[in-house]
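For reference, the structure is listed below as structure tokens.
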Amino acid sequence: MKKMDNKNFIRRIIEEDLSNQKHEKIATRFPPEPNGLMHLGHARAIVMNYILSKDYGGTFNLRFDDTNPIKEDVMYVEGIKRDIAWLGCYWDNLYYASDYFQEMYERAMLLVKKGLAYVCDLSAEEIKDYRGDLKTPGKNSPYKDRSIEENIKLFKGMKNGLYQDGEKVLRAKIDMASPNINMRDPIIYRIQRAYHHNTKDAWCIYPMYDFAHPLEDAIEGITHSLCSLEFEDHRPLYDWFVKHCEMENAPRQIEFGKLKIANEISGKRFIRKLVDDGVVDGWDDPRLITLSGLRRRGVPPLAIHDFIKALGLPKSEGETEMHMLDEFIRHRLKIESRRIHAVIDPIKVIVTNYPDDQRETLTALNNKENEALGERALTFSNELYIEREDFLETKPNKKWKRLSLGLEVRLMHAYFIKANEVEYDENNQVKTIYATYDSETKSGSGFNARKPNGNIHFVDAKNAKPTEFRLYESLVDPDYDSDIDEEAINKNSKIIKRGFIEGNITPEERESFQFTRQGYFTLDQDSNAQTLVFNRTVALRSSFKSKR
RNA sequence: UGGGCUAUAGCCAAGAGGUUAAGGCAUCGGACUUUGACUCCGACAUCGAAGGUUCGAAUCCUUCUAGCCCAGCCA
């Protein structure tokens with residue numbers, strides 16, 4: 001796969017700003033609200049803000065937008081930091097919106113003193129009524145004309161806890177008839193007595209996003225403030241606050257399309273329900289596209305970077321197929337992982353002409369495309385396991401390049417074996433294959449007198465590690481074509497198989513392997529001394545089905 | 001039907017009046033192969049529609065059509 005890194009309109013803007021000397025260096029930020037964990041969709045914003053700052057020699061801040069204490073929790077602060085660090089997007093500065101509460105209050109007071117903000121006593125419901133709707137203009141609040149002095153006193157009172165929650169709000173004085181509803185005297189501060197994870201009980205008023213966000217950006221000297229499309233009609237307000245609050249730096253808000261993945265669940269509320277109902281095994285379930293889920297599944301962070309870069313930063317909103325990420329994952333794992341044998345669904349093979357008390361050790365390269373990964377010892381005896389799907393009693397067609405009765409295949413890194421007889425179990429399933437091997441055909445010997453009917457992998461049954469394989473399929477039924485809801489959940493999205501890997505392999509923590517001919521798998525934290533547990537990260541591509 | 005956006009192949013996405021309309025994923029051929037993998041070669045679009053401007057339009061104009069977002073004291 002060739003590399004690609006799409007140019008995008010934001011790069012163009014940045015390059016212009018740099019060449020015009022509008023900015024000497026740029027500053028970006030990722031501003032999550034700590035009310036849930038990050039998923040692949042957020043990765044676009046995280047990676048792009050990070051990459052852009054690095055590519056143009058600027059800075060990248062991580063800033064928690066913690067302006068609503070009733071929804072937020074330190075637990076998410078820690079989780080988000082961990083996930084972003086895992087992605088390798090190291091921040092130059094870590095800030096919290098709450099660091100700026102005092103300055104925000106002062107700037108809001110400035111607005112009051114300039115006659116650009118007022119305290120409104122309308123109830124939440126009345127404010128909604130006065131706001132009008134999409135087609136009808138709003139009406140002015142009866143409190144809009146209070147004197148500046150009164151507003152100063154009232155706003156101070158709000159801050160000092162003189163009023164009940166919800167009793168008053170501070171509003172910007174803009175235009176109740178604006179076709180842009182965001183400009184209809186938006187609320188700047190609300191009264192909310194809630195314990196804040198950072199500021200504790202210092203404040204009983206909290207700023208609203210539309211007011212807080214531009215100030216946060218301006219205070220940090222952010223030059224390019226990227227956000228998603230739904231904030232496009234908030235931009236006039238963003239600019240209004242920067243201007244009227246007399247901020248020194250005027251950041252530019254630029255909107256891009258959110259990254260949506262087809263057939264995946266990303267709503268925080270939905271994920272939480274799946275976690276609570278036990279449909280998935282926590283926020284880090286490998287079937288989820290949360291960053292923690294992807295990590296547990298074994299996705300290399302750089303594959304996510306590759307994916308994000310390939311997608312670019314468009315203004316259109318489509319749904320990207322998961323296949324695309326899969327390909328970037330394989331590409332990253334291909335070189336960096338050891339390639340070993342694992343039999344996921346075993347059938348026993350008895351090699352009748354190999355002495356029962358004999359065992360030999362063969363050597364195999366761990367990755368022929370990356371010899372730095374060294375080699376390993378692989379054992380061979382008269383009892384082996386091969387993959388159930390690698391055997392059919394009679395060759396079904398000329399394309400069949402696996403084992404059948406009377407045919408010879410090469411066991412990779414070992415010998416040719418020929419299947420002679422099968423034994424069935426009570427369910428009429430093949431239980432044991434009796435085969436003979438040919439000592440002339442040892443791998444590496446240069447034997448080429450006969451061509452085998454294919455090459456398959458195996459594990460020495462006398463030296464095999466019991467392993468649980470967790471094979472994941474889409475959590476969402478691919479055939480479900482209406483909007484994703486609970487009906488769409490694929491109940492068989494997690495398939496557990498029990499088999500073996502080579503006995504001489506000792507995986508490292510979270511090591512990713514290529515199990516030859518099958519796919520990439522990563523050691524799961526549920527592994528223990530008796531049984532290894534592997535998550536399938538992604539299967540190898542296969543043209544087998546389409547050729548059959 | 002108020003305002004703000006979007007529309008290029010099955011899926012993403014470059015493209016800024018003159019290019020054979022990049023590239024990736026997927027698909028389909030073929031070569032190679034001790035992974036039916038990898039790799040390599042090859043195939044695969046007239047740009048939402050209709051008009052217009054121009055010697056020349058995916059790019060400019062007009063009118064349509066379709067989809068998304070906005071009426072939280074959420075972000």
Side-chain angles (χ1 to χ4, degrees), chain A residues 1-9 12 31-33 35 65 67-68 70-72 120 122-124 127-129 131-138 165-171 178-184 186-192 205-206 208-210 212-213 227-236 255 257 259 262 306-307 310-328 330-331 334-335 339 341 364 368-369 399-402 409-414 443-444 452 454-457 514-519 539-548:
Chain A
M1 181 173 51
K2 288 173 190 157
K3 281 279 159 142
M4 67 184 275
D5 189 357
N6 267 332
K7 200 83 172 168
N8 58 63
F9 76 103
R12 191 167 296 122
E33 182 186 16
N35 68 344
D65 210 353
T67 57
N68 186 6
I70 62 176
K71 285 191 172 181
E72 297 153 7
C120 181
L122 254 24
S123 70
I127 286 179
K128 180 177 159 63
D129 289 342
R131 186 153 36 221
D133 62 29
L134 296 179
K135 289 178 206 167
T136 57
D165 287 14
E167 193 179 332
K168 292 182 191 320
V169 290
L170 183 72
R171 296 229 251 168
S178 171
N180 180 348
I181 295 180
N182 297 300
M183 301 299 273
R184 321 243 256 231
I187 292 169
I188 298 177
Y189 267 95
R190 76 281 210 183
I191 302 171
Q192 202 166 76
I205 57 172
Y206 291 95
M208 297 290 289
Y209 168 85
D210 281 312
H213 207 86
C227 65
S228 48
L229 251 26
E230 71 263 33
F231 293 102
E232 226 156 3
D233 22 282
H234 293 243
R235 193 184 337 127
E255 310 83 12
L259 168 57
D306 294 339
F307 176 64
L311 294 174
L313 216 40
K315 244 186 121 149
S316 54
E317 267 186 315
E319 284 199 327
T320 302
E321 294 173 340
M322 204 57 178
H323 295 294
M324 195 162 159
L325 209 214
D326 289 343
E327 195 52 26
F328 285 104
R330 292 187 193 102
H331 191 250
K334 164 176 84 166
I335 298 301
R339 301 174 180 180
H341 294 177
K368 68 182 176 192
E369 293 181 70
K399 298 281 191 186
W400 180 254
K401 296 210 277 183
R402 303 180 182 191
V409 292
R410 181 189 344 254
L411 295 179
M412 295 173 70
H413 298 119
S443 284
N455 301 293
I456 65 172
H457 58 90
Q514 181 194 107
F515 291 159
T516 304
R517 303 205 307 131
Q518 312 201 79
L540 243 30
R541 293 211 307 177
S542 170
S543 56
F544 181 44
K545 271 181 200 145
S546 56
K547 281 202 170 173
R548 191 148 59 160

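In this text, all values refer to a predicted model and were calculated from it rather than measured experimentally. Residue numbering restarts at 1 for every chain, and letters A, B, ... go by the order of the sequence lines.
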Rounded to whole angstrom, note down the [atom1] distance from [N] over to [M].
{"N": "B/A58", "M": "B/U8", "atom1": "P", "result": "15 Å"}
{"N": "B/C44", "M": "B/A50", "atom1": "P", "result": "24 Å"}
{"N": "B/A37", "M": "B/U20", "atom1": "C1'", "result": "34 Å"}
{"N": "B/U62", "M": "B/C68", "atom1": "C1'", "result": "24 Å"}
{"N": "B/G15", "M": "B/U46", "atom1": "C1'", "result": "14 Å"}
{"N": "B/A26", "M": "B/A45", "atom1": "C1'", "result": "15 Å"}
{"N": "B/C25", "M": "B/U65", "atom1": "P", "result": "39 Å"}
{"N": "B/U19", "M": "B/U35", "atom1": "P", "result": "46 Å"}

Nearest-angstrom distance from the residue atom [atom1] of [X] to [atom2] of [N]:
{"X": "A/L229", "N": "B/G4", "atom1": "CG", "atom2": "P", "result": "14 Å"}
{"X": "A/I181", "N": "B/C70", "atom1": "CD1", "atom2": "C1'", "result": "6 Å"}
{"X": "A/R184", "N": "B/G72", "atom1": "CZ", "atom2": "P", "result": "11 Å"}
{"X": "A/R235", "N": "B/C70", "atom1": "CZ", "atom2": "C1'", "result": "14 Å"}
{"X": "A/E327", "N": "B/G23", "atom1": "CD", "atom2": "C1'", "result": "15 Å"}
{"X": "A/D129", "N": "B/C73", "atom1": "CG", "atom2": "P", "result": "12 Å"}
{"X": "A/M324", "N": "B/C11", "atom1": "CE", "atom2": "C1'", "result": "9 Å"}
{"X": "A/D326", "N": "B/C11", "atom1": "CG", "atom2": "P", "result": "18 Å"}

Establish, yes or no, whether a centroid distance under 6.0 Å links the rings of A/H213 and A/H234. no
Pairing partner of [N] (Watson-Crick or G-U wobble, both distances under 3.5 Å):
{"N": "B/G56", "result": "none"}
{"N": "B/A13", "result": "none"}
{"N": "B/A43", "result": "B/U27"}
{"N": "B/C68", "result": "B/G4"}
{"N": "B/U34", "result": "none"}
{"N": "B/U62", "result": "B/A50"}

Classify the nucleic acid contact of [X] as base, sugar-phosphate or nothing, counting any heavy atom under 4.0 Å across all strands shown.
{"X": "A/L259", "value": "nothing"}
{"X": "A/G444", "value": "base"}
{"X": "A/G312", "value": "nothing"}
{"X": "A/I456", "value": "nothing"}
{"X": "A/N455", "value": "sugar-phosphate"}
{"X": "A/E232", "value": "sugar-phosphate"}
{"X": "A/H457", "value": "nothing"}
{"X": "A/D65", "value": "sugar-phosphate"}
{"X": "A/K128", "value": "sugar-phosphate"}
{"X": "A/R410", "value": "base"}

Using the side-chain heavy atoms of [X], tell me which of these nucleotides is nearest: [options].
{"X": "A/F231", "options": "B/U39, B/G2, B/A75", "answer": "B/A75"}
{"X": "A/E321", "options": "B/A37, B/G36, B/C11", "answer": "B/C11"}
{"X": "A/D233", "options": "B/C70, B/A75, B/G2", "answer": "B/C70"}
{"X": "A/K334", "options": "B/A26, B/C38, B/A71", "answer": "B/C38"}
{"X": "A/M412", "options": "B/U34, B/A71, B/C74", "answer": "B/U34"}

Between [Y] and [X], is there a side-chain heavy-atom distance shorter than 4.5 Å?
{"X": "A/R171", "Y": "A/I187", "value": "yes"}
{"X": "A/I456", "Y": "A/L411", "value": "yes"}
{"X": "A/R339", "Y": "A/M412", "value": "no"}
{"X": "A/L311", "Y": "A/M324", "value": "yes"}

Supply the atom-to-atom distance [X] [atom1] to [Y] [atom2], rounded to the nearest 0.5 angstrom.
{"X": "A/E33", "Y": "A/K71", "atom1": "CD", "atom2": "NZ", "result": "6.5 Å"}
{"X": "A/N68", "Y": "A/R190", "atom1": "CG", "atom2": "CZ", "result": "4.5 Å"}
{"X": "A/I205", "Y": "A/K168", "atom1": "CD1", "atom2": "NZ", "result": "13.5 Å"}
{"X": "A/L540", "Y": "A/R517", "atom1": "CG", "atom2": "CZ", "result": "10.0 Å"}

### Task
Output all residues satisfying side chain to side chain contact (heavy atoms under 4.5 Å, CB included) with A/D129, sequence neighbours left out; order by chain, then residue number.
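Checked A/D129 against side chain to side chain contact (heavy atoms under 4.5 Å, CB included); zero matches.
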Phosphate-side-chain proximity, [X] and [N], N/O vs OP1/OP2 below 4.0 Å:
{"X": "A/S178", "N": "B/G3", "answer": "no"}
{"X": "A/K135", "N": "B/G3", "answer": "no"}
{"X": "A/S316", "N": "B/A13", "answer": "yes"}
{"X": "A/K315", "N": "B/A7", "answer": "no"}
{"X": "A/S543", "N": "B/A37", "answer": "yes"}
{"X": "A/K368", "N": "B/U35", "answer": "yes"}
{"X": "A/R517", "N": "B/G36", "answer": "yes"}
{"X": "A/R339", "N": "B/A37", "answer": "no"}
{"X": "A/R131", "N": "B/G72", "answer": "yes"}
{"X": "A/R190", "N": "B/C74", "answer": "yes"}
{"X": "A/Q514", "N": "B/C38", "answer": "no"}

ask   = Which residue lies toward the 5' end of RNA chain B, A/S443 or A/E230, if each is placed at its nearest nucleotide?
value =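 The residue closer to the strand's 5' end, by nearest nucleotide, is A/S443.
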Heavy-atom nearest nucleotide on RNA chain B taken for A/Q518 and for A/H234; more 5' hit belongs to A/Q518
Syn within 90° of 0, anti beyond: B/G52 is anti
Taking N and O atoms by type only, does the side chain of A/R402 place a donor or acceptor under 3.5 Å from a partner on the base of B/G36?
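Looking at the base of B/G36, it does pair with a donor or acceptor on the side chain of A/R402 (distance under 3.5 Å).
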